[in-house]
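A short worksheet on the structure shown next.
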Amino acid sequence: MNGTNELLRAILKIDEEERARTQATEEYRQKAQADQATQAKRLEEEAMEEMRRDVEQFGQAERQRAEQELAAQQKRKQEVLAQLDKQLAQNKDAWVGAILTRVLGGGQ
C-alpha cells in the first residue's frame with residue numbers, strides 16, 4: 001500500500017503542477033489580451049488625434065483660402081463699382097438726354 005500511496009502522491013503532485021501551469025498560462029493569455037486591447041485603444045486614440053489635427057489644419061487652410069477669395073471678390077466688386085461710377089460721371093448727360101428723348105417721343 002505504501003507504493004500505491006507514493007504513486008498517488010506523485011500523480012496528485014503532477015496534477016497540481018499541471019493545474020498551476022494551466023493557470024499561469026491562462027493568466028499570461030489574459031494579460032496578453034489586456035495588453036493588446038490597451039495598445040489597440042492607445043493606437044486608435046493616437047490615430048484619432050492625428051486625424052483631428054489634420055482636419056483642423058485643413059479647416060484653417062480652407063478658411064484662409066475662402067478669406068482670400070472673398071477679399072479678391074470684394075476688390076473686383078469695388079473696381080466694377082468705381083468703373084460704373086466713372087462711366088456714370090462721363091455719360092450721365094448723354095444717357096439722361098437719350099432717355100428723355102425716348103420717353104418724350106422725340107425720336108419718332
Side-chain angles (χ1 to χ4, degrees):
M1 211 62 191
N2 196 12
T4 306
N5 284 344
E6 289 297 318
L7 184 59
L8 213 55
R9 279 190 211 118
I11 291 172
L12 289 174
K13 183 177 180 179
I14 291 171
D15 182 59
E16 184 180 320
E17 289 171 355
E18 192 56 36
R19 287 178 194 252
R21 278 192 211 105
T22 302
Q23 183 175 350
T25 301
E26 180 61 22
E27 288 171 358
Y28 179 80
R29 185 187 65 76
Q30 288 177 355
K31 183 180 182 312
Q33 284 179 336
D35 290 348
Q36 186 178 17
T38 300
Q39 183 178 10
K41 183 173 177 142
R42 182 184 54 78
L43 290 173
E44 180 182 358
E45 289 171 355
E46 287 175 4
M48 290 298 291
E49 184 59 34
E50 186 175 339
M51 283 188 271
R52 283 186 197 102
R53 281 192 305 268
D54 290 347
V55 166
E56 180 63 28
Q57 289 174 352
F58 178 76
Q60 288 176 356
E62 282 300 300
R63 274 192 297 280
Q64 286 178 336
R65 186 195 61 75
E67 288 171 0
Q68 289 172 350
E69 179 64 26
L70 181 60
Q73 288 177 1
Q74 288 175 339
K75 181 180 177 185
R76 284 192 296 275
K77 180 181 103 178
Q78 291 303 319
E79 289 170 354
V80 167
L81 288 174
Q83 187 168 357
L84 287 173
D85 286 342
K86 182 179 175 183
Q87 287 178 357
L88 177 62
Q90 290 174 349
N91 300 317
K92 180 179 172 185
D93 293 335
W95 291 343
V96 169
I99 293 170
L100 284 175
T101 301
R102 287 184 188 161
V103 171
L104 298 176
Q108 291 180 0

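Side chains are part of it too, since the values below use all heavy atoms of this structure and drop only hydrogens, waters and symmetry mates. Everything quoted here is computed from the prediction, not taken from an experiment.
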State the OG1-CZ distance between Thr22 and Arg29, to the nearest 0.5 angstrom.
12.0 Å

Any side-chain heavy atom of Gln57 sitting closer than 4.5 Å to one from Asp54?
yes

When rounded to the nearest 0.5 Å, the distance separating OG1 of Thr4 from CZ of Arg9 is 10.5 Å

Would you mind telling me which of Arg65, Gln60, Gln64 makes a side-chain hydrogen bond (donor to acceptor under 3.5 Å, both in side chains) with Glu62?
Arg65

Check whether more than 12 heavy atoms from other residues, nucleotides or ligands sit under 6.0 Å from atom CD of Gln83, and answer yes or no.
no

Could you tell me whether Gln90 atom CD has more than 12 heavy atoms of other residues or ligands within 6.0 Å of it?
yes

Name the residue from Glu27, Glu26, Arg21 that meets the side-chain contact (heavy atoms from CB on, under 4.5 Å) definition with Gln23.
Glu27

Which pairs pass salt bridge (charged side-chain N to carboxylate O under 4.0 Å, His left out) with one or both residues in residues 68-90, sequence neighbours excluded?
Glu69-Arg76

Do the side chains of Glu49 and Arg52 get close enough for a salt bridge, i.e. N-O under 4.0 angstrom?
yes

Euclidean distance, Leu81 CG relative to Gln74 CD, rounded to 0.5 Å
11.5 Å

If you round to the nearest 0.5 Å, how far is CZ of Arg63 from CZ of Phe58?
11.0 Å

Are the charged groups of Glu44 and Lys41 less than 4.0 angstrom apart, N to O?
no

In Å and rounded to the nearest 0.5 Å, what is the CG to OG1 distance from Leu43 to Thr38?
11.0 Å

Stepwise side-chain contact (heavy atoms from CB on, under 4.5 Å) test for Ile11 and Leu7:
CA-CA 6 Å; Ile11 291 172; Leu7 184 59; 4.1 Å; yes

